[in-house]
Amino acid sequence: MKTKLLPAPYSLLLLIILTPFLLLANDDRPPIKYDYLSKPNVQQFISMMHQKYGFETTYLKKVLQHAKLDRDTLARYTGKFKKNSTVGSWERFKLHVVNEETFKEARAFKRKHRKTLQKAAQRYKVDEDYIVGFIGVESRFGTYTGDYNVLDALATLAFHPNRMQRFFKNELKHLFLFAREKHYNITKIEGSFAGAMGCVQQVPSIARKFNYDFDGDGASVWDIEDCIGSIAKFMHKKGWKKGKTVAVSATYNGKRFKGLRVGFKTRYRLSLLRKHGIKPKTLYPYNTASLIRLRNRAHDELWLGAPNFRVLTAYNASSNYGMAIHLIAHSLK
């Protein structure tokens, strides 16, 4: 059975980055009423959606009258940008994700969905443990898909100045289109603070583009089987090599590493890394590697990232994110 939202009467309407169960709900500062229709950029948006996509202006106005101002969401995208601020520190990942409780849940998820995971891994030539890792990081294995009202979040970010306003205005447009296509009630959809939805957290434009039906009973971003197939397809398209190395832990001298630039975008020859005292703890089968640093409270961990590690970060551009997936997958070996 699919997990679906109830359609609104007469088919009224639905749907960075990010890791939803690392985020707290906005209960402390709940969304408040706001007169969106008084804003000139909202009136321009209504006119564009009517002329270009055929929406009734009365419907658009009714929906936007319903939208609230989400102050917590807006605060995340105003002010000074902090690197990885929407993803979190490695310590936070360890607190919420990379721990024995998550590893236990990962094993249970793998047992429960073994047939679907095997089917997806075989069809797309990827490793099923890493599919599990993706869904674990994105939605705690489908148990937490976000509790922010997506309309409130995207209207707030589309019509109030912030560093990604143009992006979110486009996502609001796609939310209306997706809701119409899926016959969802646009005012009831929940997701992340950035408008990402479902068990693999897709923003509306991505949900429309990769609206994937893996089990043959209709596509849904909230359906676990569709999410499993979607991640497997994504990994395949990004060049995943089944059975190949993803990352290897490395040794170095000292407790804090500062010798070289770090991150999943780096690429060093192993000979150079050895000159800096960096050595893989186990066999690393490539001549080059990304140098990944995980900052713990008392020390740094170094890892050598293989081409498969870059695939993990293609979904969310963060070394911490990619390593969390890797360690969940590794716990299933």
Side-chain angles (χ1 to χ4, degrees), residues 1-18 20 36 42 44-68 70 73 120 135 138-139 142 145-159 164 166-234 237 315:
M1 291 290 292
K2 292 276 188 183
T3 301
K4 293 180 181 281
L5 296 180
L6 291 174
Y10 307 106
S11 301
L12 296 180
L13 320 174
L14 173 346
L15 222 352
I16 4 157
I17 311 171
L18 311 166
Y36 278 102
V42 174
Q44 292 169 4
F45 179 83
I46 290 172
S47 178
M48 180 275 294
M49 294 297 288
H50 171 66
Q51 294 178 17
K52 191 170 183 179
Y53 299 105
F55 284 93
E56 294 292 335
T57 56
T58 52
Y59 167 73
L60 293 166
K61 290 179 179 180
K62 183 178 179 180
V63 169
L64 291 169
Q65 280 179 328
H66 189 280
K68 295 182 175 65
D70 193 325
T73 288
I135 297 176
E138 287 294 342
S139 65
T145 57
D147 55 6
Y148 284 75
N149 182 283
V150 174
L151 174 65
D152 291 348
L154 291 182
T156 297
L157 295 168
F159 300 127
M164 293 180 64
R166 183 176 179 181
F167 169 82
F168 287 116
K169 185 176 181 181
N170 185 60
E171 290 306 322
L172 181 62
K173 176 190 77 175
H174 283 286
L175 175 65
F176 275 94
L177 292 168
F178 191 38
R180 182 168 67 181
E181 293 161 0
K182 304 296 287 186
H183 307 299
Y184 290 137
N185 183 337
I186 196 170
T187 67
K188 301 296 184 182
I189 301 160
E190 291 189 339
S192 79
F193 65 87
M197 307 169 296
C199 42
V200 289
Q201 290 293 278
Q202 296 175 336
V203 291
S205 62
I206 299 300
R208 292 186 70 221
K209 185 176 181 180
F210 298 103
N211 195 20
Y212 190 49
D213 180 13
F214 188 64
D215 55 6
D217 64 351
S220 170
V221 297
W222 288 276
D223 181 72
I224 285 292
E225 293 191 7
D226 290 349
C227 290
I228 288 171
S230 177
I231 286 296
K233 187 177 181 180
F234 169 83
K237 284 192 171 185
Y315 204 81

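The figures here come from the full heavy-atom set of this structure, side chains too, leaving out hydrogens, waters and symmetry mates.
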Report the distance from atom CD of Q65 to atom OG1 of T187, rounding to the nearest 0.5 Å. 13.0 Å
Just so I know, are the side chains of L157 and M164 near enough to count as touching, which here means a heavy-atom distance under 4.5 Å? no
Considering residues at least two apart in sequence or located in another chain, which fulfil the side-chain contact (heavy atoms from CB on, under 4.5 Å) criterion with N149? L151, D152
Looking at every non-hydrogen atom in both residues, tell me the closest pair between S205 and E171 and how far apart they are. OG-OE2, 2.6 Å
Which value, rounded to the nearest 0.5 Å, describes the distance between F45 atom CZ and L60 atom CG? 7.0 Å
H50 side-chain N/O to E56 backbone N/O, donor-acceptor pair under 3.5 Å: no
Nearest 0.5 angstrom please: H174 NE2 to E181 CD, how far? 9.5 Å
Name all residues meeting the ring-ring contact (aromatic ring centres under 6.0 Å, His included) criterion together with F234; count only those two or more places apart in sequence or in a different chain, and write none if there are none. Y315
Quick one: list whatever passes side-chain contact (heavy atoms from CB on, under 4.5 Å) with S47, sequence neighbours left out. Q51
List the residues meeting side-chain contact (heavy atoms from CB on, under 4.5 Å) with A158, not counting sequence neighbours, and say none if there are none. K169, L172
What closest approach, in Å, do Q201 and T145 show between heavy atoms, and which atom pair accounts for it? NE2-O, 3.2 Å
Let me confirm one number: the CG-OG distance from D223 to S230, rounded to the nearest 0.5 Å. 11.0 Å
CG/L64 to OH/Y36 distance, rounded to the nearest 0.5 angstrom? 8.5 Å
Taking atom CD1 of I224 and atom CD1 of I135, what is their separation to the nearest 0.5 Å? 5.5 Å
Are any non-hydrogen side-chain atoms of I231 and Y212 less than 4.5 angstrom apart? no
Determine whether a donor-acceptor pair (N or O, by modelled atom type, separation under 3.5 Å) exists between the side chain of D226 and the backbone of D213. no
Listed partners of I206 passing side-chain contact (heavy atoms from CB on, under 4.5 Å), at least two apart: Q202, V203, F210
State, to 0.1 Å, how close Y148 and S192 come at their nearest heavy-atom pair, and which atoms those are. CB-O, 3.7 Å
Selection residues 190-231 - residue pairs positive for disulfide (SG to SG under 2.5 Å), sequence neighbours left out: C199-C227
Is any side-chain heavy atom of V221 less than 4.5 Å from a side-chain heavy atom of V200? no
At their closest point, which heavy atom of A153 faces which heavy atom of F193, and how far apart are they? CB-O, 3.4 Å
